[in-house]
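What you see is a predicted model, and the numbers here were worked out from it, not measured in a lab.
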Amino acid sequence: MIDGTVEEIADMQTHSSSVVAVKAAEALLALTEREYPTVEEYVRTLERNSHALRRANPSHASLQTTQREIVSTVEDAEDDSVATAKERTRDVVESVVTRVESAKERAAERAVEYLSTDRTILTHDYSSTVLEAIERTLDEGASLEVYCTEARPRYLGRKMVRTLADLDGVDAHLIVDGAAGHFLPEVDQVVVGMDCIVEDTLYNRVGTYPLAATASDAGVPVRVVGAEAKMVTGGFAFENEHRQASEVIREPADGFAVENPAYDATPTRLIDAAITDEQVHEY
């Protein structure tokens with residue numbers, strides 16, 4: 001299970017950061033079903049597998065912090081039996097999963113106020129938190145018109161628009177990334193998820209920066225929705241991921257380089273607000 005989850009995260013089959021954190025945490029539970037001669041061996045195995053999960057996507061702040069929390073909780077307890085260490089692992093995984101999922105729900109609920117007011121939105125990539133905010137807005141009787149970028153090169157926005165198209169009350173549109181500026185005059189607001197905000201920089205799926213800059217020039221507010229835990233003030237160095245060229249071009253790249261970063265950095269001065277489970281950060 002762990003190897004499969006590592007591959008899934010690395011291949012960006014699972015891409016919403018909250019979903020990644022939950023899947024990675026739950027993957028560690030497979031270790032509690034195995035036998036170990038000593039507590040030390042169990043903890044070493046736990047740390048080794050957690051490290052593999054963290055390395056699958058070093059840029060996911062929530063993945064990094066939740067995995068470290070799980071391992072450190074078990075390590076620091078210094079349990080005197082493998083059974084006790086396993087039970088502690090189950091408890092901390094349950095706690096982490098509950099916290100991540102409840103934070104997403106509260107952030108989505110807080111965002112409903114904005115979606116209910118400005119009902120034509122443009123979103124980028126796939127965000128389970130943005131999706132939940134939209135679903136909650138629809139539950140209150142609103143209708144929304146949503147423009148979704150493809151989010152190249154992985155086209156994760158296509159999953160978002162297909163999901164939205166199945167919801168009653170949504171008029172969904174798929175647009176190419178480069179057309180965002182063309183449609184922004186028709187949009188009330190841009191709403192995106194976030195991988196993390198470190199100090200005065202938002203790190204999110206590549207394409208967020210030019211979208212936010214264009215929206216700022218067009219006078220369209222940009223709002224980010226995510227867990228407060230993704231607001232990082234220190235102790236975390238964002239590490240971008242440069243992915244394989246085959247995601248961009250299938251034929252051989254003869255005589256030229258193919259650059260394929262997974263994320264970009266958006267100054268928070270281009271963002272109007274970050275809506276989290278705990279508060280709304282105005283910029």
- prompt: If every non-hydrogen atom of Val225 is compared with every non-hydrogen atom of Ala111, which pair is closest and at what distance?
  reply: CG2-CB, 4.0 Å
message: Is there a path of hydrophobic side-chain contacts, each under 4.5 Å between heavy atoms of I/L/V/M/F/W/Y residues, joining Leu29 to Val43?
response: yes
field: Interatomic spacing from CG in Asp177 to OG1 in Thr149 - rounded to 0.5 Å
entry: 5.0 Å
- request: Go through the steps to decide whether Thr84 and Ser81 satisfy the test side-chain hydrogen bond (donor to acceptor under 3.5 Å, both in side chains), and finish with yes or no.
  value: CA-CA 5 Å; Thr84 303; Ser81 73; 2.7 Å; yes
- request: Kindly say whether Val71 contributes a backbone atom to a donor-acceptor pair with the side chain of Ser50 at under 3.5 angstrom?
  value: no
query: Is the shortest heavy-atom distance from the side chain of Asp188 to the side chain of Val220 under 4.5 Å?
result: no
Euclidean distance, Arg99 CZ relative to Thr66 OG1, rounded to 0.5 Å: 8.0 Å
task: Evaluate side-chain contact (heavy atoms from CB on, under 4.5 Å) for Ile2 paired with Leu31, printing each intermediate quantity in order.
output: CA-CA 9 Å; Ile2 295 240; Leu31 303 178; 4.2 Å; yes
message: Within the 4.5 Å heavy-atom criterion, are Val39 and Asp80 side-chain neighbours or not?
response: no
field: Rounded distance (nearest 0.5 Å) linking atom CD of Glu150 with atom CE of Met160
entry: 15.0 Å
- prompt: Run the side-chain contact (heavy atoms from CB on, under 4.5 Å) check on Val82 and Thr38 step by step: do they pass?
  reply: CA-CA 6 Å; Val82 174; Thr38 64; 5.5 Å; no
- request: Determine the minimum heavy-atom distance between Val258 and Phe256, stating which atoms define it.
  value: CG2-CE1, 3.8 Å
message: I'd like to check Asp195 versus Lys230 (side-chain heavy atoms, cut-off strictly below 4.5 Å). Are they in contact?
response: no
query: Would a distance-only check, ignoring hydrogens and angles, find a side-chain to backbone donor-acceptor pair under 3.5 Å from His124 to Val206?
result: yes
query: Is Val192 linked to Val146 within one hydrophobic cluster, defined over Ile, Leu, Val, Met, Phe, Trp and Tyr using a side-chain heavy-atom separation of less than 4.5 Å?
result: no
task: Search all heavy atoms of Val161 against all heavy atoms of Ala172 and return the closest pair with its distance.
output: CG2-CB, 3.8 Å
query: Under 3.5 Å, side chain of Asp125 to main-chain N/O of Arg205, donor-acceptor pair present?
result: no
- request: Check the surroundings of atom CD in Glu94: do more than 12 heavy atoms from other residues, nucleotides or ligands lie under 6.0 Å from it?
  value: no
Ala227 to Ala103 - nearest heavy-atom pair and separation: CB-CB, 3.9 Å
Trace of the side-chain contact (heavy atoms from CB on, under 4.5 Å) decision for Val280 with Thr276: CA-CA 6 Å; Val280 176; Thr276 78; over 6 Å; no
message: For the backbone of Asp200 and the side chain of Thr268, can you confirm whether one donor and one acceptor N or O come within less than 3.5 Å of each other?
response: yes
- prompt: How many angstroms lie between CD in Glu135 and OG in Ser128, if you round to the nearest 0.5 Å?
  reply: 10.0 Å
- prompt: Under 4.5 Å between any side-chain heavy atoms of Leu211 and Leu122, yes or no?
  reply: yes
query: Is there side-chain contact between Thr98 and Val100, with heavy atoms separated by less than 4.5 Å?
result: no
message: According to a hydrophobic-cluster definition based on side-chain heavy atoms being under 4.5 Å apart (Ile, Leu, Val, Met, Phe, Trp, Tyr only), do Ile271 and Val198 belong together?
response: no
- prompt: Does Glu47 offer a backbone N or O that forms a donor-acceptor pair with the side chain of Gln67 under 3.5 Å?
  reply: no
query: Quick one: are Leu53 and Arg55 in side-chain contact, heavy atoms under 4.5 Å?
result: no
- prompt: How many angstroms lie between atom CG of Leu164 and atom CG of Leu144, to the nearest 0.5 angstrom?
  reply: 9.0 Å
message: If I take atom OG1 from residue Thr201 and atom CD1 from residue Ile197, how far apart are they, to the nearest 0.5 angstrom?
response: 9.5 Å
- prompt: Hey, are Glu132 and Arg136 close enough for a salt bridge, meaning a charged N less than 4.0 Å from a carboxylate O?
  reply: yes
task: Take Val190 and Thr123 through the test side-chain contact (heavy atoms from CB on, under 4.5 Å) and record every step on the way to the result.
output: CA-CA 6 Å; Val190 173; Thr123 190; over 6 Å; no
query: Honestly curious: do Leu167 and Val130 fall in one hydrophobic cluster under the side-chain, below-4.5 Å linking rule?
result: yes
message: Quick check: do Arg152 and Val248 have side-chain heavy atoms less than 4.5 Å from each other?
response: yes
- request: List the atom of Leu63, the atom of Ala21, and the distance in Å for their closest heavy-atom pair.
  value: N-CB, 4.2 Å
message: In this structure, is the centre-to-centre distance between the rings of Phe238 and Tyr203 below 6.0 Å?
response: yes
message: What I'd like to find out is whether the side chain of Tyr209 reaches to under 4.5 Å of the side chain of Leu202, using heavy atoms alone.
response: no
- prompt: What class does the angle between the rings of Tyr36 and Tyr42 fall in, given that below 30° is parallel, 30 to 60° is tilted and above 60° is perpendicular?
  reply: perpendicular
query: Got a donor-acceptor contact below 3.5 angstrom from the Asn260 side chain to the Ala245 backbone?
result: no
- prompt: Can you hop from Val191 to Val170 via hydrophobic side chains spaced under 4.5 Å?
  reply: yes
Salt bridge (charged side-chain N to carboxylate O under 4.0 Å, His left out): pairs with one or both residues in residues 265-281, sequence neighbours excluded: Arg106-Asp277
- prompt: Any chance CD of Glu282 has more than 12 other-residue heavy atoms, nucleotides or ligands included, within less than 6.0 Å?
  reply: yes
query: Please walk me through it: do His173 and Glu186 pass side-chain hydrogen bond (donor to acceptor under 3.5 Å, both in side chains)?
result: CA-CA 12 Å; His173 307 259; Glu186 303 176 25; over 6 Å; no
- prompt: Which pair of non-hydrogen atoms, one from Val222 and one from Ala215, has the smallest distance, and what is that distance?
  reply: CG2-CB, 3.6 Å
message: Using a 3.5 Å distance criterion without hydrogens, assess whether the side chain of Thr89 forms a donor-acceptor pair with backbone atoms of Ala85.
response: yes
- prompt: Is a side-chain donor or acceptor of Glu199 paired with a backbone partner of Val232 at a separation under 3.5 angstrom?
  reply: no
- request: Mark yes when over 12 heavy atoms from residues, nucleotides or ligands other than Arg90 sit less than 6.0 Å from its CZ; otherwise mark no.
  value: yes
Output side-chain donor-acceptor pairs under 3.5 Å for residues 114-121, partner residues at least two apart or in another chain, one line each.
residue	atom	partner	partner atom	Å
Ser116	OG	Val112	O	2.8
Thr117	OG1	Glu113	O	3.0
Arg119	NE	Ser116	O	2.9

- prompt: Should Glu259 and Arg243 count as an ion pair when the cut-off is N to O under 4.0 Å?
  reply: no
message: Could you check whether Arg44 pairs with Glu41 (Lys NZ or Arg NE/NH1/NH2 to Asp/Glu carboxylate O, under 4.0 Å)?
response: yes
